[in-house]
Structure formats: structure tokens, C-alpha cells
Amino acid sequence: MIEIIKLRSNRNSYIKSLEKRGIEKIEKKLEELINLDDDRKSLKTELDKLLTDSNRIAKEIGQIIKSGDDNKISDLKTKSTQLKEETKKISEELKNREIDIKKILVNIPNIPDKRVPEGNSENDNIKILKNDVNINTKENLKPHWEIIKKFKLIDFDNGNKIAGAGFPVYTNNGAKLQRALINYFLDEASKNGYVEIQPPVLVNNDSGFGTGQLPDKEGMMYKIEDENLFLIPTAEVPITNIYRKTIIEKEKLPIKNVAYTPCFRKEAGSWGAHVRGLNRLHQFDKVEIVQIEDEARSDKALEEMCNYVEGLIKSLEISYRKLLLCAGDLGFSSSITYDFEVYAPGQKRWLECSSVSNFKTYQSNRMNLKIKNEKSKALAHTLNGSALALPRIVAAILETHQGDNEIKIPEVLHKYTGFNKINL
RNA sequence: AGAGGAGUGGCAGAGUGGUCGAAUGCGGCGGUCUUGAAAACCGUUGUACCGCAAGGUACCGGGGGUUCGAAUCCCUCCUCCUCUGCCA
């Protein structure tokens, strides 16, 4: 959530920044927010006064009872009862005002960073770098779903039977490749200082709210109705929420975590030719890195995370590019996001395989996560990135390294797969 | 899943209707003493909100209730422990 205190002192720049995202009537919304907050403050002042009086009377009664002079009590009791009615009224008003404020607040996305370019769609994203030295330029390259079928790496039919569309069954060398990638990604992250954890894949409401999936994007998550739990759409949710409602001492920074989890997404709507094979799934594997920093260091952390992700992709000998997302394409909670896309030469398409974001104080404000130093406390900055999402990486590897009778496995994976190529 | 017990400040642990934001101990921070350290002694030590400030308000697992007044009584939910059951 954006912070009202900051909104008050940066009103115009907030309006401008949010307009960049293409939100309509944002000025009116923000103004309403400030007015409601003014209202909230005066109600709070009023309520506190009433409570002060009530407390004073209650104490007086206590003292009178002690001294044994019971006659004066009934007057005081009547007065206190009257006060109580008033108190009830004001405190309800205050509560309602707070609810009103939150209703608006939770629907306002994060303020885009200054570097975020204007734009409405992915066409306006800025290409930061492109590395296509490895592009396989052969003619007649097959898309990965054909390769998968030919080499029997994934059984989509059985996935359909067991669960439904978008739930693949990885088989034999396909399963081994999957496991190899997970282990490789986890080991590399550990080498880079990310502490490995294995979180739950079901989360509660508070967690969904903390990272920003709820209430805005409830539709993306699978819900267990009876239990009020959600299947995680990304490990970002359980990992970041470990630190919900905590105060971290500055010396303990940076907090760096990595986790492998399956991810579950409903992805309602789009289903067709462009989401064939591994391009979009309801369940997929991902290794996620999460970092917590203070304001002074979060920019640098974002850069480091990007460099880490880039190195990882590079090591898999596939072509990739890096994009700076424009305001219109930026995620709800993020302030600045870099996407990494890998090239799938069989489809002649770029596939997003990692999204590295700095949420600044947006998530920490929702979950009350603070950094403390000798003198003061401040909301933490949270960051995360995929390192990496498996399916599209697999697609790119298969399409890039395909041959007629074999698929070459990138060298860094050899010790994890136990084989250098997949044969027919 | 059933029966019983318990949840208090960073930790341990008192408090069963009034002056309790909460004794005491440990830890932390500051100081005295010391060449230095330890010990001892003195002081200090939660979070959020309102207020220019003085100060005030709320919080004893969460929510609701009774009462002039609740850490304390009632209801409900959650979590943990013990026993029984079930299970990878």
C-alpha cells in the first residue's frame, strides 16, 4: 500500500506517477483519500477525549467505593453510561472511516520508479540488452511441443486425464531435466548467498494480502474453499510473508532467501495457439529469490539480482534479452521491474522466464515489516525475482539445442542430469 | 479427530474485577567503579495512533460480549502442550 503520510507531502508527484500507469480519475481518488484521513484524525482526537473522561470517572468510582461513600456513585455511573453511548457512536464512525480508507488504498497500485518509461502495453517496454549470439539459425526448427512428443519428455494427455489442461506429467528424461534444473538453480543461489528454504505451498488470507495478491488478484489463485487457503502463484508469497509483522535489525541485512516451489495459476481466459506446450501452465516449477533491504540499498540489490539472473540464463547457452517494463505493463505491487525473456527459435518467439522487481515499501507497508537501526525504524524494501521459472527455460533449451536425433544438454547441467544429451 | 491443559513485554515468569502498560529475574542500552574486563551498584529499556507541544488513547494469542471499570468474568476462533485415535 502507498503511505498516506508520503502522499500528503508528495501529492502532485504521486498523481503524475500514477497517471503514468493509466489509472483514471486518480487525482480525485487521492484527494478523497486525504479528506477521509483528515476525517479519521479528527474522529480519533474526539474519541480519545471521550475515553479520557470515561477512564477518569471509572477511577473516581473506584476511589469512592474504597472510601465507603457509596451515595455519589450513581450519578457518576449515569454520566459514564452516557459517555459510553457517545463513545460507541464515534468509535463506529472511526472504524467505518478506516474501512473506507483501506478500501481505496488497497486498490491503488505502487508508485512507478522515475526510471519506468511511459507506455500502455508490452510494446512500450524498453529493451535493455539482447544477447542473441547463440540463436540457432537452422531452418525448420521444431517448436518444443513437437520435440517433447518425439523424445517422450512430457505426457500432456495423462496430465489432462489426471488433473486437466495445463497440468503436465514430466516423464523419464523430461522429469530428470526438470529435477536437474531445480537443483542447479538452488545450488547457484546458495553459492550467491541466498539461504535456501522450503515454504508451504498453501497460504492464508493475510499472506495473500501482504504481498499484494489479495484482494486485487484473487482470481489468479486457486482457493481451497473449506479451509480458506490459497495455492501459491509464486514462492514470493510464502517467503516474503515469513517476515510479515517483524522488525529486522539493520545489521542483519540483507535478508536473502531462495526456494523452489511448484506454482499454481488459474490464468483464466487466454487459452489458444500461443499458449501451447509449456508456454503457459496451471502448475509449473519455479525457483524464486527474495531479498529484503533498506531504502539505501534496494536499488543496488535490484541490480545485483538482475545480474545474477542474467548469469544464470547465460550459463544455459540460450539467447535472451532484458526489458525494462513500462508503466502500463508494470505489476500492481511493483515500483520497477525488469523482465528477462529467452528466445524459442522453434516458435520464433521470446518467452518471459524471469521478472525481477523492487516493491520498495509497498509490500512492507501491507505486512508491517520494518528495519530498525540505532535511532529509528522504517519500512523495509522488498524485492524478488524468478531464478528461474522452469517451463519456458525448458522450451528454450529444447528448441535451441534440438537436433534430428538428439537434444544437447547445456554443459552446466551435465552433472545434474547425468547425461549430456537426450537421444531418441 | 476426541478428552484435558495452556497462551502475559526480547526471554523467563507474577498478577483472577479498580490506583496494571503490567511485579520480579535474565538479557539489551547508558553510567559509576577499574589500567582494561568481570562482578557490584545506579539509571534506562514495547508497538501503533491522535496532538505544535504538554499530554492522551489503544494493545496481556485474534475477534466479540458483560461491567461505571477487564490481563482478570462470558462467548467464539486460532496456536501450542499432554493423553487417546489415525497416518506418510
Side-chain angles (χ1 to χ4, degrees), chain A residues 1-9 33-106 198-210 214 224-230 238 241-253 255 262 294 361 363-380:
Chain A
M1 286 187 298
I2 61 166
E3 299 157 72
I4 295 187
I5 295 182
K6 283 191 191 165
L7 164 65
R8 283 176 179 278
S9 49
L33 208 46
I34 291 173
N35 289 337
L36 284 169
D37 195 47
D38 286 338
D39 215 12
R40 190 200 111 243
K41 286 183 178 188
S42 63
L43 283 168
K44 168 77 175 156
T45 308
E46 199 177 339
L47 177 66
D48 281 357
K49 271 184 199 151
L50 290 170
L51 286 171
T52 308
D53 288 348
S54 297
N55 288 344
R56 204 196 62 238
I57 292 173
K59 271 178 196 168
E60 271 176 45
I61 292 174
Q63 258 152 15
I64 291 170
I65 288 174
K66 227 174 198 180
S67 64
D69 189 1
D70 289 8
N71 297 334
K72 298 174 191 162
I73 291 178
S74 75
D75 272 3
L76 286 171
K77 278 193 184 177
T78 314
K79 181 126 191 257
S80 183
T81 308
Q82 280 171 357
L83 271 177
K84 207 190 167 184
E85 270 170 45
E86 237 176 300
T87 305
K88 204 172 174 184
K89 201 182 108 209
I90 301 293
S91 98
E92 257 166 42
E93 264 184 68
L94 177 62
K95 214 176 193 173
N96 285 334
R97 208 61 73 251
E98 281 166 351
I99 291 168
D100 293 341
I101 289 169
K102 198 157 185 191
K103 252 188 213 159
I104 298 178
L105 220 43
V106 297
Q198 203 178 77
V201 297
L202 287 165
V203 293
N204 59 26
N205 239 288
D206 287 348
S207 296
F209 178 80
L214 293 175
I224 316 286
E225 289 290 347
D226 296 346
E227 307 285 342
N228 230 336
L229 291 169
F230 298 86
N241 273 284
I242 289 172
Y243 305 98
R244 171 153 47 88
K245 286 188 185 171
T246 58
I247 297 170
I248 299 169
E249 287 179 32
K250 198 179 171 182
E251 305 87 67
K252 301 232 168 98
L253 296 177
I255 304 279
D294 62 10
T361 60
Q363 292 181 327
S364 64
N365 190 30
R366 287 185 156 222
M367 48 188 175
N368 201 3
L369 162 58
K370 296 191 169 169
I371 306 293
K372 179 178 139 190
N373 63 23
E374 314 78 47
K375 291 176 198 163
S376 62
K377 283 183 213 62
L379 289 172

For the [atom1] atoms, the ones on [N] and on [M], what distance do you get once it is rounded to whole angstrom?
N     : M     : atom1 : answer
B/C52 : B/A39 : P     : 46 Å
B/C33 : B/G46 : P     : 27 Å
B/G5  : B/G10 : P     : 29 Å
B/G4  : B/A71 : C1'   : 23 Å
B/G15 : B/A6  : P     : 13 Å
B/U16 : B/A70 : C1'   : 10 Å
B/U24 : B/U34 : C1'   : 30 Å
B/A37 : B/G30 : P     : 12 Å

**Study point:** Cation over ring face, A/Lys102 and A/Phe209, 6.0 Å, 45°
**Key:**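 That pair qualifies as a cation-pi contact.
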Nearest 0.5 angstrom please: [X] [atom1] to [Y] [atom2], how far?
X        : Y        : atom1 : atom2 : result
A/Ile247 : A/Lys377 : CD1   : NZ    : 5.5 Å
A/Ile61  : A/Lys79  : CD1   : NZ    : 11.0 Å
A/Asn204 : A/Ile224 : CG    : CD1   : 13.0 Å

Touch class at under 4.0 angstrom, heavy-atom based, for A/Leu76 against every strand present:
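If one applies the 4.0 Å heavy-atom cut-off, A/Leu76 turns out to touch nothing in the nucleic acid.
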N/O to N/O distances under 3.5 Å, protein versus nucleotides 70-72 of chain B:
none

Side chains of residues 41-52 of chain A: which donor-acceptor partners sit under 3.5 Å, not counting sequence neighbours?
unit_1	atom_1	unit_2	atom_2	d
A/Ser42	OG	A/Asp39	O	3.1
A/Lys44	NZ	A/Asp48	OD1	3.4
A/Thr45	OG1	A/Lys41	O	2.9
A/Thr52	OG1	A/Asp48	O	2.6

Length of the line joining [X]:[atom1] and [N]:[atom2], which is rounded to integer Å:
X        : N     : atom1 : atom2 : result
A/Lys245 : B/G61 : NZ    : P     : 14 Å
A/Asn204 : B/C77 : CG    : P     : 18 Å
A/Leu51  : B/U57 : CG    : P     : 8 Å
A/Asp206 : B/C78 : CG    : P     : 14 Å
A/Glu249 : B/G10 : CD    : P     : 12 Å
A/Glu227 : B/C77 : CD    : P     : 15 Å
A/Ile61  : B/G69 : CD1   : P     : 8 Å
A/Ile65  : B/U67 : CD1   : P     : 15 Å

Practice task
Mark yes or no for whether A/Thr87, through its side chain, and A/Leu83, through its backbone, hold a donor-acceptor pair below 3.5 Å.
Solution key: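 It does hold such a pair.
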For the pair A/Ser364 (side chain) and A/Thr361 (backbone), establish whether a donor and an acceptor sit closer than 3.5 Å, ignoring hydrogens and angles.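 Between the backbone of A/Thr361 and the side chain of A/Ser364 there is a qualifying donor-acceptor contact (under 3.5 Å).
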A/Arg366 and A/Leu214: which non-hydrogen atoms are nearest, and at how many Å?
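Heavy atoms only, the tightest pair is NH1-O, 2.9 Å.
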* Asked: Looking only at heavy atoms, which two atoms of A/Ile371 and A/Lys250 are closest? And how far apart?
  ->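 Nearest heavy atoms, A/Ile371 then A/Lys250: CG2-CA, 4.0 Å.
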Non-neighbouring partners of A/Asn96 that pass side chain to side chain contact (heavy atoms under 4.5 Å, CB included), sequence neighbours left out:
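Testing A/Asn96 for side chain to side chain contact (heavy atoms under 4.5 Å, CB included), a comparison that skips the adjacent residues, returns A/Ile99.
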Practice prompt. Please state whether the phosphate of B/C68, meaning OP1 or OP2, lies under 4.0 angstrom from any side-chain nitrogen or oxygen of A/Lys59.
Written response: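 The answer is no; no side-chain N or O of A/Lys59 sits under 4.0 Å from OP1 or OP2.
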Would you indicate, yes or no, if B/A58 has its OP1 or OP2 atom less than 4.0 angstrom from a side-chain nitrogen or oxygen of A/Asn55?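 So the side chain of A/Asn55 is within the cut-off, an N or O lying under 4.0 Å from OP1 or OP2 of B/A58.
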Looking at A/Glu92 and A/Lys88, is there a salt bridge between them, counting it only when a charged N and a carboxylate O are closer than 4.0 Å?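 No.
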Nucleic acid contacts - residues 87-95 of chain A versus RNA chain B, non-hydrogen atoms under 4.0 Å:
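Residues of residues 87-95 of chain A under 4.0 Å from RNA chain B: A/Lys95.
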Taking C-beta and beyond as the side chain, do [X] and [Y] meet within less than 4.5 Å on heavy atoms?
X        : Y        : result
A/Leu369 : A/Gln363 : no
A/Val203 : A/Asn241 : no
A/Arg8   : A/Asp37  : yes

Under-3.5 Å N/O pairs linking protein and nucleotides 45-51 of chain B:
unit_1	atom_1	unit_2	atom_2	d
B/U47	OP1	A/Lys377	NZ	2.5
B/A48	OP1	A/Lys370	NZ	2.8
B/C49	O3'	A/Arg40	NH2	2.6
B/C50	OP1	A/Arg40	NH2	2.7
B/C50	O2'	A/Thr45	OG1	2.5

Practice item. Walk me through it: do A/Glu85 and A/Lys89 pass the test salt bridge (Lys or Arg N to Asp or Glu O under 4.0 Å)? Key: CA-CA 6 Å; A/Glu85 270 170 45; A/Lys89 201 182 108 209; over 6 Å; no
Starting at the 5' end of RNA chain B, which residue's closest nucleotide do you reach first, A/Gly62 or A/Asp53?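 It is A/Gly62 whose nearest nucleotide is closer to the 5' end.
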Parsed dot-bracket for RNA chain B after applying the Watson-Crick and G-U rules with both distances under 3.5 Å and | for other-strand partners is ((((((((.[[[..)..(.....]]]((((((.......))))))(((((....))))).[[[[[..)....]]]]])))))))....
